[in-house]
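Inspection log for the structure reproduced underneath, given as C-alpha coordinates.
Counting starts at 1 for both ligands and their atoms, in listed order.
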Amino acid sequence: QALISIKNVGRKYVIGAEVIHALKDVSLTINKGEFVALMGPSGSGKSTLMNILGCLDTPTKGEYTLNGINVSHMSDDELAEVRNAEIGFVFQTFNLLPRNTSLDNVALPLVYAGISKTDRSARARKALENVGLGNRVDHKPNELSGGQRQRVAVARALINNPSIILADEPTGNLDTKTSIEIMGLMEDIHAKGNTIILVTHEEDIAQHAHRIVRMRDGLIEKDYQNPDIHTVS
Ligand code: ADP
Ligand code: ADP
(Lines give C-alpha, C1' and ligand atoms only; values in the text may rest on other atoms or scores of the structure.)
(Ligands and ions follow the chains in the order given, each with its own letter.)
Protein backbone atom coordinates (compact mmCIF):
# COMPACT_ATOMS: atom_id res chain seq x y z
CA GLN A 1 0.00 0.00 0.00
CA ALA A 2 1.23 3.53 -0.73
CA LEU A 3 2.67 5.11 2.38
CA ILE A 4 3.79 8.17 0.46
CA SER A 5 1.91 9.52 -2.53
CA ILE A 6 3.20 12.65 -4.21
CA LYS A 7 1.20 13.81 -7.23
CA ASN A 8 2.41 16.52 -9.61
CA VAL A 9 4.15 18.38 -6.83
CA GLY A 10 5.78 21.74 -7.51
CA ARG A 11 7.60 24.07 -5.14
CA LYS A 12 8.58 27.55 -6.22
CA TYR A 13 10.47 30.17 -4.28
CA VAL A 14 9.78 33.82 -5.03
CA ILE A 15 12.62 36.18 -4.21
CA GLY A 16 11.78 39.71 -5.33
CA ALA A 17 11.25 39.56 -9.08
CA GLU A 18 12.85 36.14 -9.39
CA VAL A 19 10.88 32.87 -9.32
CA ILE A 20 12.85 29.68 -8.76
CA HIS A 21 11.09 26.41 -9.57
CA ALA A 22 12.96 24.14 -7.16
CA LEU A 23 10.51 21.32 -7.92
CA LYS A 24 8.73 21.46 -11.27
CA ASP A 25 6.45 18.43 -11.47
CA VAL A 26 7.30 15.51 -9.25
CA SER A 27 5.19 12.38 -8.82
CA LEU A 28 6.38 9.60 -6.55
CA THR A 29 4.82 6.66 -4.75
CA ILE A 30 6.65 4.88 -1.94
CA ASN A 31 5.24 1.79 -0.30
CA LYS A 32 5.61 0.67 3.29
CA GLY A 33 8.92 -1.11 3.81
CA GLU A 34 10.83 0.42 0.91
CA PHE A 35 14.44 1.60 1.24
CA VAL A 36 14.93 4.48 -1.22
CA ALA A 37 18.05 6.55 -1.98
CA LEU A 38 17.44 10.05 -3.32
CA MET A 39 20.34 11.32 -5.42
CA GLY A 40 21.10 14.18 -7.77
CA PRO A 41 23.46 17.10 -8.28
CA SER A 42 23.53 20.12 -6.01
CA GLY A 43 20.53 22.36 -6.73
CA SER A 44 18.45 19.55 -8.27
CA GLY A 45 15.75 19.84 -5.58
CA LYS A 46 16.62 17.05 -3.11
CA SER A 47 16.41 19.22 0.01
CA THR A 48 13.21 20.84 -1.20
CA LEU A 49 11.66 17.42 -1.74
CA MET A 50 12.95 16.10 1.61
CA ASN A 51 11.50 19.14 3.39
CA ILE A 52 8.12 18.39 1.83
CA LEU A 53 8.37 14.65 2.56
CA GLY A 54 9.33 15.50 6.17
CA CYS A 55 6.38 17.88 6.61
CA LEU A 56 8.71 20.83 7.18
CA ASP A 57 7.27 22.56 4.11
CA THR A 58 4.26 22.21 1.81
CA PRO A 59 4.11 22.16 -2.00
CA THR A 60 3.02 25.22 -3.95
CA LYS A 61 1.35 22.87 -6.46
CA GLY A 62 0.07 19.28 -6.35
CA GLU A 63 -0.78 16.93 -3.50
CA TYR A 64 1.15 15.00 -0.85
CA THR A 65 -0.56 12.22 1.06
CA LEU A 66 1.38 10.58 3.91
CA ASN A 67 -0.01 7.45 5.56
CA GLY A 68 -3.50 8.37 4.36
CA ILE A 69 -3.27 12.00 5.55
CA ASN A 70 -3.39 14.75 2.93
CA VAL A 71 -0.79 17.19 4.28
CA SER A 72 -0.61 19.44 1.18
CA HIS A 73 -2.54 22.36 2.63
CA MET A 74 -1.84 22.08 6.36
CA SER A 75 -0.88 24.93 8.69
CA ASP A 76 2.53 24.86 10.40
CA ASP A 77 0.99 23.60 13.66
CA GLU A 78 -0.88 20.79 11.92
CA LEU A 79 2.27 19.85 10.02
CA ALA A 80 4.27 19.75 13.26
CA GLU A 81 1.80 17.29 14.73
CA VAL A 82 1.98 14.99 11.70
CA ARG A 83 5.79 15.30 11.70
CA ASN A 84 6.09 14.26 15.36
CA ALA A 85 3.82 11.28 14.86
CA GLU A 86 4.96 10.01 11.48
CA ILE A 87 8.62 10.93 10.85
CA GLY A 88 11.99 10.07 12.31
CA PHE A 89 14.84 12.36 11.18
CA VAL A 90 18.53 11.50 10.95
CA PHE A 91 20.91 14.33 10.02
CA GLN A 92 24.46 14.66 8.76
CA THR A 93 25.38 16.66 11.87
CA PHE A 94 23.60 14.29 14.32
CA ASN A 95 21.71 17.21 15.97
CA LEU A 96 22.01 15.81 19.51
CA LEU A 97 21.61 18.01 22.59
CA PRO A 98 25.24 18.43 23.78
CA ARG A 99 24.53 18.64 27.53
CA ASN A 100 22.22 15.63 27.62
CA THR A 101 23.07 11.94 27.94
CA SER A 102 22.37 9.42 25.19
CA LEU A 103 19.39 8.24 27.23
CA ASP A 104 17.89 11.73 27.48
CA ASN A 105 18.53 12.50 23.81
CA VAL A 106 16.76 9.33 22.74
CA ALA A 107 13.89 9.82 25.21
CA LEU A 108 13.22 13.42 24.09
CA PRO A 109 10.55 12.68 21.43
CA LEU A 110 8.63 10.75 24.11
CA VAL A 111 8.45 13.86 26.29
CA TYR A 112 6.43 15.56 23.55
CA ALA A 113 4.32 12.41 23.22
CA GLY A 114 3.37 12.67 26.92
CA ILE A 115 4.94 9.37 28.05
CA SER A 116 5.84 9.01 31.77
CA LYS A 117 9.49 9.34 32.83
CA THR A 118 9.79 5.70 33.88
CA ASP A 119 8.46 4.46 30.56
CA ARG A 120 10.59 6.95 28.63
CA SER A 121 13.78 5.72 30.30
CA ALA A 122 12.89 2.07 29.80
CA ARG A 123 12.08 2.58 26.12
CA ALA A 124 15.15 4.75 25.45
CA ARG A 125 17.41 2.20 27.15
CA LYS A 126 15.95 -0.58 24.97
CA ALA A 127 16.33 1.57 21.84
CA LEU A 128 20.00 2.21 22.68
CA GLU A 129 20.55 -1.51 23.25
CA ASN A 130 19.01 -2.16 19.83
CA VAL A 131 21.64 0.04 18.15
CA GLY A 132 24.47 -1.56 20.14
CA LEU A 133 24.89 1.23 22.70
CA GLY A 134 23.58 -0.45 25.86
CA ASN A 135 26.91 0.47 27.49
CA ARG A 136 26.75 4.17 26.53
CA VAL A 137 23.42 5.31 27.99
CA ASP A 138 24.93 7.82 30.43
CA HIS A 139 27.50 9.27 28.03
CA LYS A 140 27.14 12.75 26.54
CA PRO A 141 27.70 13.35 22.80
CA ASN A 142 31.28 14.65 23.25
CA GLU A 143 32.14 11.39 25.05
CA LEU A 144 31.09 9.35 21.98
CA SER A 145 32.66 8.70 18.57
CA GLY A 146 30.96 10.02 15.42
CA GLY A 147 29.54 6.60 14.64
CA GLN A 148 28.20 6.24 18.19
CA ARG A 149 26.61 9.70 17.98
CA GLN A 150 24.87 8.72 14.77
CA ARG A 151 23.65 5.51 16.45
CA VAL A 152 22.14 7.62 19.22
CA ALA A 153 20.45 9.78 16.56
CA VAL A 154 19.10 6.66 14.84
CA ALA A 155 17.72 5.35 18.15
CA ARG A 156 16.04 8.75 18.69
CA ALA A 157 14.56 8.68 15.18
CA LEU A 158 13.04 5.24 15.84
CA ILE A 159 11.74 5.77 19.38
CA ASN A 160 8.24 6.89 18.31
CA ASN A 161 7.78 4.06 15.79
CA PRO A 162 7.52 6.57 12.93
CA SER A 163 6.07 5.49 9.62
CA ILE A 164 9.15 6.78 7.74
CA ILE A 165 12.79 7.46 8.52
CA LEU A 166 14.26 10.41 6.59
CA ALA A 167 18.04 10.36 6.62
CA ASP A 168 19.77 13.40 5.13
CA GLU A 169 23.41 12.56 4.32
CA PRO A 170 23.66 10.42 7.49
CA THR A 171 27.23 9.35 6.66
CA GLY A 172 28.41 12.78 5.47
CA ASN A 173 30.52 13.38 8.59
CA LEU A 174 31.79 9.83 9.04
CA ASP A 175 34.88 8.00 7.79
CA THR A 176 34.47 5.11 5.35
CA LYS A 177 34.55 2.30 7.90
CA THR A 178 32.05 4.03 10.19
CA SER A 179 29.83 4.91 7.22
CA ILE A 180 29.63 1.23 6.30
CA GLU A 181 28.70 0.39 9.92
CA ILE A 182 25.92 2.99 9.93
CA MET A 183 24.61 1.70 6.59
CA GLY A 184 24.63 -1.80 8.10
CA LEU A 185 22.46 -0.43 10.90
CA MET A 186 20.13 1.16 8.31
CA GLU A 187 19.84 -2.22 6.59
CA ASP A 188 18.94 -3.89 9.92
CA ILE A 189 16.27 -1.25 10.52
CA HIS A 190 14.92 -1.77 7.02
CA ALA A 191 14.88 -5.55 7.56
CA LYS A 192 12.63 -5.00 10.59
CA GLY A 193 10.03 -3.48 8.25
CA ASN A 194 10.84 0.21 8.47
CA THR A 195 10.52 2.54 5.49
CA ILE A 196 13.69 4.56 4.83
CA ILE A 197 14.40 7.49 2.53
CA LEU A 198 18.04 8.43 2.34
CA VAL A 199 19.62 11.46 0.64
CA THR A 200 23.21 10.92 -0.35
CA HIS A 201 25.82 12.20 -2.80
CA GLU A 202 27.82 8.99 -2.53
CA GLU A 203 27.16 6.17 -4.99
CA ASP A 204 28.61 3.58 -2.57
CA ILE A 205 26.17 4.65 0.12
CA ALA A 206 23.20 4.70 -2.28
CA GLN A 207 24.01 1.10 -3.23
CA HIS A 208 22.65 -0.02 0.16
CA ALA A 209 19.16 1.13 -0.90
CA HIS A 210 16.77 -1.10 -2.82
CA ARG A 211 15.45 1.69 -5.02
CA ILE A 212 17.25 4.71 -6.43
CA VAL A 213 15.55 7.97 -7.40
CA ARG A 214 17.71 10.45 -9.30
CA MET A 215 16.70 14.09 -9.57
CA ARG A 216 17.79 16.78 -11.99
CA ASP A 217 16.56 20.37 -12.42
CA GLY A 218 13.51 19.90 -10.18
CA LEU A 219 12.36 16.70 -11.90
CA ILE A 220 12.79 12.98 -11.30
CA GLU A 221 15.21 11.89 -13.98
CA LYS A 222 15.37 8.18 -13.10
CA ASP A 223 13.58 5.91 -10.67
CA TYR A 224 14.58 2.24 -10.62
CA GLN A 225 15.13 -0.81 -8.44
CA ASN A 226 18.78 -1.22 -7.48
CA PRO A 227 19.97 -4.05 -9.74
CA ASP A 228 22.76 -4.93 -7.29
CA ILE A 229 20.33 -5.91 -4.55
CA HIS A 230 18.37 -9.07 -5.18
CA THR A 231 15.27 -9.33 -3.06
CA VAL A 232 12.05 -11.24 -3.29
CA SER A 233 9.26 -8.75 -2.71
P1 ADP B 1 19.58 20.19 -3.55
O2 ADP B 1 19.17 19.77 -2.17
O3 ADP B 1 19.43 19.11 -4.56
O4 ADP B 1 20.94 20.81 -3.57
P5 ADP B 1 17.63 22.34 -3.22
O6 ADP B 1 16.31 21.74 -3.03
O7 ADP B 1 18.35 22.83 -2.01
O8 ADP B 1 18.55 21.33 -4.04
O9 ADP B 1 17.53 23.57 -4.23
C10 ADP B 1 16.80 23.52 -5.46
C11 ADP B 1 16.76 24.94 -6.02
O12 ADP B 1 15.92 25.74 -5.19
C13 ADP B 1 18.10 25.64 -6.08
O14 ADP B 1 18.11 26.44 -7.23
C15 ADP B 1 18.11 26.48 -4.82
O16 ADP B 1 18.91 27.61 -4.99
C17 ADP B 1 16.64 26.85 -4.68
N18 ADP B 1 16.24 27.02 -3.27
C19 ADP B 1 16.28 26.08 -2.30
N20 ADP B 1 15.81 26.56 -1.14
C21 ADP B 1 15.48 27.86 -1.37
C22 ADP B 1 14.94 28.92 -0.56
N23 ADP B 1 14.63 28.72 0.72
N24 ADP B 1 14.73 30.11 -1.14
C25 ADP B 1 15.02 30.29 -2.44
N26 ADP B 1 15.53 29.35 -3.26
C27 ADP B 1 15.75 28.15 -2.74
P1 ADP C 1 21.69 20.46 6.13
O2 ADP C 1 21.64 19.03 5.62
O3 ADP C 1 21.18 21.46 5.12
O4 ADP C 1 22.99 20.86 6.76
P5 ADP C 1 20.08 19.51 8.36
O6 ADP C 1 20.31 18.13 7.88
O7 ADP C 1 20.60 19.88 9.71
O8 ADP C 1 20.60 20.59 7.31
O9 ADP C 1 18.52 19.83 8.34
C10 ADP C 1 17.72 19.52 7.21
C11 ADP C 1 16.38 20.23 7.35
O12 ADP C 1 15.68 19.81 8.53
C13 ADP C 1 16.50 21.73 7.46
O14 ADP C 1 15.51 22.32 6.66
C15 ADP C 1 16.26 22.05 8.92
O16 ADP C 1 15.61 23.29 9.10
C17 ADP C 1 15.36 20.92 9.36
N18 ADP C 1 15.59 20.51 10.74
C19 ADP C 1 16.76 20.54 11.40
N20 ADP C 1 16.64 20.07 12.64
C21 ADP C 1 15.34 19.70 12.79
C22 ADP C 1 14.58 19.13 13.85
N23 ADP C 1 15.13 18.80 15.01
N24 ADP C 1 13.26 18.87 13.65
C25 ADP C 1 12.71 19.17 12.49
N26 ADP C 1 13.38 19.72 11.46
C27 ADP C 1 14.67 19.99 11.59
Side-chain angles (χ1 to χ4, degrees), residues 3-30 34-66 70-80 82-84 86-95 146 150 153-154 157 162-174 179 182-183 186 190 195-226:
L3 183 58
I4 284 173
S5 167
I6 283 195
K7 288 208 177 108
N8 302 114
V9 156
R11 176 66 166 98
K12 64 181 177 189
Y13 298 107
V14 182
I15 308 166
E18 198 189 357
V19 181
I20 297 161
H21 292 272
L23 295 178
K24 289 171 183 161
D25 183 357
V26 170
S27 296
L28 183 66
T29 300
I30 297 175
E34 285 200 81
F35 186 174
V36 182
L38 185 61
M39 301 197 76
S42 188
S44 60
K46 302 182 299 295
S47 303
T48 302
L49 181 57
M50 282 298 256
N51 287 342
I52 290 172
L53 286 169
C55 297
L56 295 159
D57 189 19
T58 51
T60 44
K61 174 174 91 91
E63 302 294 323
Y64 173 27
T65 306
L66 167 62
N70 187 336
V71 299
S72 321
H73 312 288
M74 281 188 169
S75 68
D76 287 348
D77 286 352
E78 292 170 322
L79 274 185
V82 174
R83 194 160 66 227
N84 291 333
E86 304 285 342
I87 295 158
F89 290 96
V90 179
F91 302 101
Q92 178 172 0
T93 50
F94 320 128
N95 293 15
Q150 197 58 299
V154 169
S163 50
I164 52 172
I165 300 289
L166 292 184
D168 189 358
E169 300 279 2
T171 60
N173 276 328
L174 303 174
S179 295
I182 290 296
M183 292 316 296
M186 292 301 213
H190 173 244
T195 310
I196 302 175
I197 305 175
L198 160 79
V199 172
T200 181
H201 283 98
E202 296 169 81
E203 292 291 342
D204 291 1
I205 296 297
Q207 289 312 315
H208 293 263
H210 292 226
R211 175 178 170 191
I212 300 178
V213 174
R214 291 184 191 270
M215 299 190 66
R216 181 174 293 273
D217 298 333
L219 295 167
I220 291 175
E221 180 186 48
K222 283 187 188 152
D223 180 350
Y224 57 98
Q225 296 299 315
N226 184 352

Non-hydrogen protein atom less than 4.0 angstrom from atom 19 (C) of ligand 1: yes
Enclosure of K24 NZ (heavy-atom neighbours >12, cutoff 6.0 Å):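 Count over threshold, so yes.
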Neighbour count above 12 (heavy atom, 6.0 Å) for D204 CG: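 At most 12 heavy atoms, drawn from other residues, nucleotides or ligands, come within 6.0 Å of this atom.
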Exercise: identify the closest heavy-atom pair between K12 and T60: N-OG1, 2.9 Å
Between N70 and S72: side-chain donor-acceptor atoms closer than 3.5 Å: yes
Under 3.5 Å side-chain donor-acceptor pair for H210 and E34: no
So which protein heavy atom does [atom] come closest to, and at what separation?
| atom | result |
| --- | --- |
| atom 6 (O) of ligand 1 | T48 OG1, 2.6 Å |
| atom 27 (C) of ligand 1 | Y13 CD1, 3.2 Å |
| atom 8 (O) of ligand 1 | G45 N, 3.1 Å |

Minimum non-hydrogen distance to atom 12 (O) of ligand 1, winning option of S44, A22, S47: A22
I'd like to check which ligand 1 atoms, numbered from 1 as shown, lie under 4.0 Å from a non-hydrogen atom of [X].
| X | value |
| --- | --- |
| S42 | 4 (O) |
| P41 | 3 (O) |
| K46 | 1 (P), 2 (O), 3 (O), 4 (O), 6 (O), 8 (O) |

Nitrogen or oxygen atoms of G43 and ligand 1 under 3.5 Å apart: yes
Proximity of I15 to ligand 1 by residue part, where a heavy atom lies under 4.0 Å: side chain
